[in-house]
Amino acid sequence: METLDRQALLSLLKRPPLRRLLEVFNDGTEETRIVGGAVRNALLGRPVTEVDCATTMLPEAIVERAKDAGFKAVPTGIEHGTITVIVAGEPYEITTLREDVETDGRHAVVHFGRDFVLDARRRDFTINALSLGLDGRLHDYTDGVSDLAARRVRFIGDPHTRIREDYLRIMRFFRFHAEYAQADPDPEGLAAAGAERQGLDILSKERIRHELLKLLVARRAQDTIGVLAEHGFLPWLLGGAAEFGRFSRVAASDAANPVPVWRLAALAVMVEEDSDRLRERLRLSNDEHRKLVAYARLLSLVKTWALPLDAASIRRLAADHDVAALDTVLTATAGEPFPIVHPGGREALERYRTGAEPVPVFPLRGGDLVDGGIPKGPRIGELLAQARQAWLAEGCRTDEVYAKDLLRRVLEQA
Ligand code: ATP
Ligand code: MG
């Protein structure tokens, strides 16, 4: 396991709050281990932010023991056996060992158990089923270590069976592949995912949303979206067409700080109606929907802009729209015949994007018109809207001389 970081794994156990937690929850009879993502990420030498534990103890006993030790216990998902225990301000999820009794493709009926092997086998991928004891022993019942060393995402057991138990595992297969794998997806997993994909339809939108948005910003999102496109998954997930080229350009340029909603826009928004459909399908928030709409409108504007986009056009677009949306649109469409962006336009956008230059703000307020003698009422809004159009057309100036002149013109006209 030369490609894995044993040292980082053991140093998990040296974190004082976690060590303290494990000491409290391990005695001669009860056993508690670190499981899942924390073990996986430590072995990969990646940052470990969330630590989940699995225990032989029952939920009520977890709460009781936490309290006796002076820890706060929050019954986060007590019916599933999960308690959040807070040690020195750090939250840890402790879950009673489980076995699946019944599955229907989206929910599982589980029994609490005392067997770490059965608990590992109900997990999805071999790399997600490792556990680490307080004594530093790494437990691997599913060959997860060799898959992790090879950076390979494989289902535990038969992929078809595992997917039919919970169709979300199709999404998770691609999400974990995108985040952790090195080569192509495991052929058996990929074939099973393809064959079972109609099962995605029975999942809740929230669960798909969660996995898809994570996939979009995973390290190898570009390759993986390519695989999804090639194998016909995208129409099932997005309910419409996808623009792989645009997604690729955005993913190649924002890798340092990827934002799921902008990557989604580049991939799946071509016209404004796409935003509405995606809001519905993926249960997007109002803010996310607003961003997709901004992207769609800017896309349509720049595609039909009569002249190459120079610094002045960019200034105007930035003043009137979301700058991050504008940035995404221009990155996504770079390499397409339109729009044409002048170097000056690019530089201007870069200044707005980084905050080196403030985005121009319309300088008049309703109060300015009232002070100028216009009675309060709907007329104010109309005049302001007209003035705003003039301001946009005249270069979005923000200096006081211009603002005074604009106000004078509005008042004269009223
Ligand atoms: P991340 O860093 O993305 O949170 P994670 O490994 O913690 O990675 P979670 O989605 O938080 O992933 O799930 C925690 C663990 O629970 C997984 O590592 C896996 O063992 C198990 N798990 C979660 N969802 C499923 C599922 N649908 N089917 C089987 N096992 C699952
Ligand atoms: Mg997690």
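Read the numbers this way: they start at 1 and go in the same order the structure lists the ligands and their atoms.
Between R65 and I83, the closest side-chain pair of non-hydrogen atoms is not below 4.5 Å. Considering only heavy atoms from C-beta on, P339 comes within 4.5 Å of L330 through its side chain. Counting heavy atoms from C-beta outward, L4 and L44 have side chains that approach closer than 4.5 Å.
Heavy-atom minimum distance, F125 versus F155: CE2-CE2, 3.4 Å.
Between F233 and H231, the ring planes lie tilted relative to each other; the angle falls in the 30° to 60° range.
Residue pairs satisfying the salt bridge (charged side-chain N to carboxylate O under 4.0 Å, His left out) criterion with at least one member in residues 314-325, sequence neighbours excluded, are listed as follows: R290-D322, R315-E357, D320-R388.
For ligand 1, residues of the protein lying within 4.0 angstrom by heavy-atom distance are G36, G37, R40, R122, R123, D124, N128, D166, R169, R172, R175, F176, K214.
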